[in-house]
Undergrad: 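Before anything else, here's the structure in question.
Labels below follow one simple rule: chain letters A, B, ... track the order of the sequence lines, proteins then strands, and each chain is numbered from 1.
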Amino acid sequence: MASNAAPAPNSPVPAPPVAVVHRPRPWRAFVRKFLHQPVTVAASVVLLAILVAAVVGASHYQLAQTPDYSAVLKPPSAKHLFGTDEFGRDLFQRVLAGAHMSILVGVSSVFVGSIIGTLLGLIAGYYGGWREGLIMRLTDILLAFPGIVLAIGIMAVLGSGMINVIIAVAIFTVPIFVRLVQGTTLAVKELTYIEAARTVGVGDARILFRYVFPNVLPTIVVYFTMRIGSAILISASLGFLGLGVSPSEPEWGAMLTSAQEYIRNAPWTIMAPGLAILITVIAFNLVGDGLRDAVDPKLKL
Amino acid sequence: MGQYILRRLLNAIPILVVVSIIIFLFLHMIPGDPARIAAGPDATAQEIEFTRVRLGLDKPLYVQYFIFIRNLVTGNLGVSNRTGMSVASEIGQHLWPTVQLTILSIVWAVIIGMVVGVVAALYRSRWPDVVGMVGSVTGISIPDMWLGMILIEFFAVRLGWFPVAGYGGWGHIIMPSFTLGLGVAAVTARFARTSVIEVLEEDYVRTARAKGLPRRKVIWKHALRNALIPVITMTGLQFGFLLGGAVVTETVFNWPGIGQLLVQSVEYRDYPTVQALMMLFSVEFILINLLVDVLYAVVNPRIQLR
């Protein structure tokens with residue numbers, strides 16, 4: 001902050017350079033490290049573009065669903081940038097509307113999952129005892145199903161629909177954050193200043209959120225970014241399997257399912273949604289990698 | 001060691017009990033009459049009543065649970081609504097293809113992952129490293145269904161090297177196992193690269209170089225051997241996850257495994273089969289993870305079993 005610097009004296013002669021003692025500024029060091037990674041910066045730009053597309057995509061839903069039977073399965077052209085599908089719907093519009101859906105599902109499911117997971121992880125790590133036992137066993141149970149199987153089981157109960165996909169992927173995300181936050185909390189709570197805070201009578205809730213949580217936050221942010229990539233993959237897979245949003249929706253996974261039949265004569269129908277998923281997930285993963293290296297290069301994820 | 005395995009097995013029991021309760025309650029969580037749901041969409045009123053009695057759905061919930069467990073343990077998993085076959089024989093038919101698929105995927109993952117990881121480490125910061133790591137990020141991020149479709153279109157339809165889909169000889173398994181294994185290969189490559197780079201900086205490697213051993217010999221005899229043991233076990237840890245990944249791959253390639261069976265059963269609301277499969281996936285996953293942990297400890301004595 002400029003206000004911290006010594007006030008400039010009102011003299012015509014510039015003051016001689018003074019060695020200003022800077023307090024360590026972790027935030028600035030982080031930004032510098034982050035910007036020093038060209039790949040990460042490039043991925044951030046791509047990610048930003050995808051987020052803009054996701055926002056714009058919301059208003060393109062109608063266009064994405066409008067059939068045009070005079071332009072069925074047309075290859076990419078100036079009029080239809082990514083070509084058209086079996087109903088003559090413009091694939092560019094559909095991919096754009098799909099960006100809205102995928103980002104919405106990915107971000108909100110990981111957001112919900114990470115908040116629940118973080119709270120449970122903080123409680124388990126800080127209090128220990130029966131609370132820890134209960135929460136960690138619960139986590140083990142959620143982790144007892146390999147990969148997408150848990151999400152499939154939840155979808156079987158809830159039925160298809162976007163909200164249900166968000167719920168399924170959020171539940172899938174919870175145990176990962178519980179483990180992560182619980183581990184870090186265990187280490188942090190032994191630090192002297194937490195001990196000191198407790199001794200002078202600071203309440204548990206305040207300790208947890210003022211002192212423990214900031215220590216856990218960098219790891220959460222890194223994981224948050226990476227998990228959005230996985231969440232988008234999982235929801236696209238559910239869509240592909242016919243267990244996600246309704247198959248008629250412009251969702252990337254569901255678009256792949258219907259395109260499968262036309263791959264022979266209209267390969268562009270699988271290229272647009274497939275590349276959209278791939279580029280989006282790569283962008284989230286690379287930005288996550290970059291955040292990790294900038295936060296703490298020794299962090300093994 | 002024996003004690004550790006025993007304790008891990010004992011720990012797994014309460015988890016499996018709760019998992020079984022959740023899977024049991026599954027039928028009751030779906031809105032609607034459980035007997036109607038279990039009997040399937042095409043059941044007659046008589047069949048629904050028969051199912052109600054057979055599953056004990058007229059009895060109190062805890063009695064129903066014990067019947068469910070008894071049936072699970074004795075292998076009496078009910079009848080598939082979809083095929084009319086017993087669920088047990090249905091699963092029996094689909095299990096082996098999935099086992100074949102996952103094993104070959106692990107082979108792909110180890111071979112590709114190690115070669116890419118080692119080459120990247122040996123040419124650190126030069127173009128093979130860059131290419132390898134770009135490939136690794138792509139491999140982690142690529143959707144399985146899309147990769148599968150592209151492989152089918154290119155290698156099966158255009159070039160005709162492999163059959164398009166289905167179950168059969170070696171030709172049939174190459175593409176699905178590659179599709180399933182690529183994600184794990186990507187993770188393995190990253191891990192192998194880090195491991196080899198770390199070992200190359202060890203003192204004993206420098207000593208070997210200093211005493212005049214040729215570079216090739218140092219790399220093969222000293223560095224790689226030590227670097228790659230943890231990589232192999234790390235890959236083993238991914239094995240359980242392949243079971244889950246098989247769901248999508250099997251669907252793309254029409255591979256008659258338990259993953260495809262699960263998707264079909266969910267689509268058809270064949271809940272007895274869904275319940276049995278969820279239980280099977282969970283038991284397999286827990287046992288495989290236990291096995292891998294134990295193997296990891298056997299190969300790597302520095303790991304303390306707690």
Undergrad: Who among B:V263, B:L243, B:N11, B:L277 has the most heavy-atom pairs with chain A under 4.5 Å?
TA: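 Looking at each option in turn, the highest pair count goes to B:V263.
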
Undergrad: Based on non-hydrogen pairs under 4.5 Å, which of A:L138, A:I277, A:L241 is most in contact with chain B?
TA: A:L241

Undergrad: Classify the ring geometry between B:F24 and B:Y65 as parallel (under 30°), tilted (30 to 60°) or perpendicular (over 60°).
TA: perpendicular

Undergrad: Among side-chain atoms of B:E250 and B:T98, is any donor-acceptor pair under 3.5 angstrom?
TA: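 B:T98 and B:E250 do have a side-chain donor-acceptor pair below 3.5 Å.
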
Undergrad: Got a salt bridge between B:R126 and B:D129, using NZ or NE/NH1/NH2 to carboxylate O under 4.0 Å?
TA: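 Here B:R126 does not pair with B:D129 in a salt bridge, since their nearest N and O are not under 4.0 Å apart.
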
Undergrad: When only pairs under 4.5 Å are counted, which of A:L238, A:I152, A:I270 shares the most heavy-atom pairs with chain B?
TA: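 When all of A:L238, A:I152, A:I270 are compared, A:I270 has the most.
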
Undergrad: Between A:E249 and A:R89, does at least one N-O distance fall below 4.0 Å, as a salt bridge requires?
TA: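 Judged by the 4.0 Å cut-off on N to carboxylate O distance, A:E249 and A:R89 do not form a salt bridge.
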
Undergrad: Which of the residues B:T138, B:I288, B:I140, B:I22 is involved in the greatest number of heavy-atom pairs with chain A at under 4.5 angstrom?
TA: B:T138

Undergrad: Heavy-atom pairs under 4.5 Å with chain A: which of B:V274, B:L262, B:D144 has the most?
TA: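 Between B:V274, B:L262, B:D144, the count favours B:L262.
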
Undergrad: So which part of A:L243 gets closer than 4.5 Å to some heavy atom of chain B, the side chain, the backbone, both or neither?
TA: side chain

Undergrad: With salt bridge (charged side-chain N to carboxylate O under 4.0 Å, His left out) as the criterion, how do A:R292 and A:D289 come out once you've worked through the C-alpha distance, each side chain's angles and the decisive distance to 0.1 Å?
TA: CA-CA 5 Å; A:R292 178 197 54 204; A:D289 275 354; 3.5 Å; yes

Undergrad: Does any heavy atom of chain B fall under 4.5 Å from the side chain of A:M155, the backbone, both, or neither of them?
TA: neither

Undergrad: With only heavy atoms counted, which part of A:N285 is less than 4.5 Å from chain B, the side chain, the backbone, both or neither?
TA: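 Interface part for A:N285: side chain.
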
Undergrad: Which bit of A:F240 is near chain B, if near means a heavy-atom gap under 4.5 Å: side chain, backbone, both or neither?
TA: side chain

Undergrad: Fit a plane to each ring of A:F82 and A:F92, take the angle between them on a 0 to 90° scale, and name the class: parallel (under 30°), tilted (30 to 60°) or perpendicular (over 60°).
TA: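 Correct class here is perpendicular.
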
Undergrad: Just verifying a value: how many Å separate A:W252 CH2 and A:L275 CG, rounded to the nearest 0.5 Å?
TA: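 It is 10.5 Å, given to the nearest 0.5 Å.
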
